[in-house]
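Below: the structure, in structure tokens.
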2 protein chains.
Amino acid sequence: MLTIGELSRATGVKIPTIRYYEQMGLMAAAERSGGNQRRYESQDRERLSFIKHARDLGFTIEAIRELLELSGHPNRPCVDADQIAVRQLEIVRDKIAKLRPLEKELERITAHCHGDQIKDCYVLQSLANHDMCESEH
Amino acid sequence: MLTIGELSRATGVKIPTIRYYEQMGLMAAAERSGGNQRRYESQDRERLSFIKHARDLGFTIEAIRELLELSGHPNRPCVDADQIAVRQLEIVRDKIAKLRPLEKELERITAHCHGDQIKDCYVLQSLANHDMCESEH
DNA sequence: ATAATACCTATAGAAGCTGGAGGAAAAGAT
DNA sequence: ATCTTTTCCTCCAGCTTCTATAGGTATTAT
Ligand SMILES: [Zn+2]
Ligand SMILES: [Zn+2]
Ligand SMILES: [Zn+2]
Ligand SMILES: [Zn+2]
């Protein structure tokens, strides 16, 4: 039996976050000690580790909820789980694809200013004028 | 004189967002018509375009507030503005650097599952086991 | 004059936590 | 057994940047 603090140290998930996951229904309501404190078992630790790992990979709470639901049906086909992962890969690729043009524009903007007076600042002029940009964004 | 709807169409910023920027102090409180409706002039449109462009490049409201403040002092050196842009470039690069390992892991995870039963699903096993990952994240 | 459109304020919700207040329980020291 | 410290409890507010109602008023077009 683990206290919430021990579970927190074991998984790297902060205590208020564990309570939040319980409130969101990702973690079942924990058993309680006589004095109303949460007590966990190793299955809880595994479930929370799964959640943390999925969160670290950027899955939303909703996606994780579905993945956990699917885990409970060992004999069903896994296409739904696979599809959620594919979708997450697309989301990550999409974020990168949106950040790269920003990186390019910011490189241009920061590289061109000679650090003179505000009224001649290339940074401020670029922000005022999207026409100076090389890409849409 | 522009109504808030016209300003919205001219800049691509939604009406509630314009009101929100006023509340946050990014836009000055607009003049009002006899019937208490906001009226804008072309300087307001330029300021809002600046804000939108900076937001599109990922600058935070706080950073934009500072950039706008600096714009008001044409004869001062622009190093502070330049520094804010450099910082933003770092933030964008940092985000990309954090997303790339996620992309790699998700590529591996999605490529390896044969779509059989849940109990053998490589996606779910990978999420349960960070040891299967090739990178930290 | 009437109808349609655009505007107003105030408030809540989204996503995923994080931190604080005020108080109770558990654990270690004496 | 008592004292002190640490850990835990619940409830609630705040972060960030909007976005979307709801209920009501102003402006414009016919
Ligand atoms: Zn400059
Ligand atoms: Zn641009
Ligand atoms: Zn699978
Ligand atoms: Zn991993």
Side-chain angles (χ1 to χ4, degrees), chain A residues 1-27 29-40 44 48 50-68 84 87-88 91-92 94-95 98-99 102 137, chain B residues 1-27 29-40 44 48 50-68 87-88 91-92 94-95 98 102 137:
Chain A
M1 296 288 260
L2 300 165
T3 66
I4 196 170
E6 288 162 348
L7 180 65
S8 171
R9 265 164 271 147
T11 58
V13 178
K14 289 187 180 144
I15 290 173
T17 305
I18 297 173
R19 296 199 191 104
Y20 171 74
Y21 288 159
E22 179 180 319
Q23 206 183 315
M24 291 300 100
L26 276 194
M27 294 291 290
E31 286 180 54
R32 298 294 180 123
S33 74
N36 198 36
Q37 298 193 354
R38 289 171 180 81
R39 292 296 125 98
Y40 296 94
D44 299 314
L48 186 55
F50 182 102
I51 294 169
K52 170 153 174 56
H53 196 206
R55 283 296 300 133
D56 287 346
L57 287 166
F59 287 86
T60 64
I61 299 284
E62 260 318 292
I64 295 170
R65 195 194 306 282
E66 291 175 48
L67 290 168
L68 288 167
I84 291 170
R87 178 85 190 92
Q88 178 58 22
I91 289 168
V92 169
D94 195 56
K95 283 185 184 172
K98 280 180 175 134
L99 286 168
L102 302 199
H137 47 100
Chain B
M1 293 291 259
L2 301 165
T3 66
I4 196 169
E6 289 163 346
L7 180 65
S8 172
R9 272 175 307 251
T11 58
V13 178
K14 291 188 178 139
I15 291 173
T17 306
I18 297 173
R19 295 199 191 104
Y20 170 74
Y21 288 159
E22 179 179 319
Q23 207 183 316
M24 292 298 101
L26 276 194
M27 294 291 290
E31 284 180 57
R32 299 292 180 127
S33 73
N36 198 36
Q37 299 192 353
R38 289 171 180 82
R39 292 296 125 99
Y40 297 93
D44 299 313
L48 186 56
F50 182 102
I51 294 169
K52 172 157 174 51
H53 195 206
R55 284 296 299 133
D56 287 346
L57 288 166
F59 288 86
T60 64
I61 300 283
E62 260 318 292
I64 296 169
R65 194 194 306 281
E66 289 174 49
L67 289 168
L68 287 167
R87 178 86 191 91
Q88 178 58 20
I91 288 168
V92 170
D94 195 55
K95 283 184 184 174
K98 281 181 174 133
L102 302 197
H137 47 100

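Just so it is clear, the values below take in all heavy atoms, side chains as well, and ignore hydrogens, waters and symmetry mates.
- Under the salt bridge (Lys or Arg N to Asp or Glu O under 4.0 Å) criterion, A:Arg19 pairs with no residue at all, not counting sequence neighbours.
- One axis for each end of the helix from C:dA1-D:dT30 to C:dT30-D:dA1, each built from five base pairs, and the angle between them comes to 10° at 10° resolution.
- When the salt bridge (Lys or Arg N to Asp or Glu O under 4.0 Å) test is applied to B:Asp56, the partners found at least two apart in sequence or on another chain are B:Lys52.
- Each of B:Tyr21 and B:Asn36 was matched to the nucleotide of DNA chain D holding its nearest heavy atom; the match closer to the 5' end belongs to B:Tyr21.
- The salt bridge (Lys or Arg N to Asp or Glu O under 4.0 Å) test applied to A:Arg9 returns no partner, not counting sequence neighbours.
- For A:Lys14, the side-chain contact (heavy atoms from CB on, under 4.5 Å) criterion is met by A:Pro16, A:Thr17, not counting sequence neighbours.
- Shown here are the side-chain contact (heavy atoms from CB on, under 4.5 Å) partners of A:Tyr20, two or more places apart in sequence or in another chain: A:Met24.
- Among residues two or more places apart in sequence or in another chain, the side-chain contact (heavy atoms from CB on, under 4.5 Å) test is passed with B:Ile91 by B:Arg87, B:Gln88, B:Lys95.
- Both A:Gly34 and B:Gly35 lie near DNA chain C, and the one whose nearest nucleotide falls closer to the 5' end is B:Gly35.
- Considering only residues two or more places apart in sequence or on other chains, B:Glu62 meets the salt bridge (Lys or Arg N to Asp or Glu O under 4.0 Å) condition with B:Arg65.
- To the nearest 0.5 Å, the span separating CE on B:Met27 from CG on B:Asp44 amounts to 5.0 Å.
- When DNA chain C is scanned 5' to 3' for any atom under 4.0 Å from a heavy atom of chain A, the first and last hits are C:dG16 to C:dA26.
- For the contact set between residues 54-66 of chain A and DNA chain C, defined by any heavy atom under 4.0 Å, the members are A:Arg55, A:Thr60, A:Ile61.
- In terms of modelled atom types and a separation under 3.5 Å, the side chain of A:Glu66 and the main chain of A:Ala63 share no donor-acceptor contact.
- Sorted by residue number, the members of residues 3-20 of chain A with any non-hydrogen atom under 4.0 Å from DNA chain D read A:Thr3, A:Ile4, A:Gly5, A:Ile15, A:Arg19.
- On the nucleic acid side, DNA chain D has its first and last nucleotide under 4.0 Å of a heavy atom of chain B at D:dT17 to D:dT27, going 5' to 3'.
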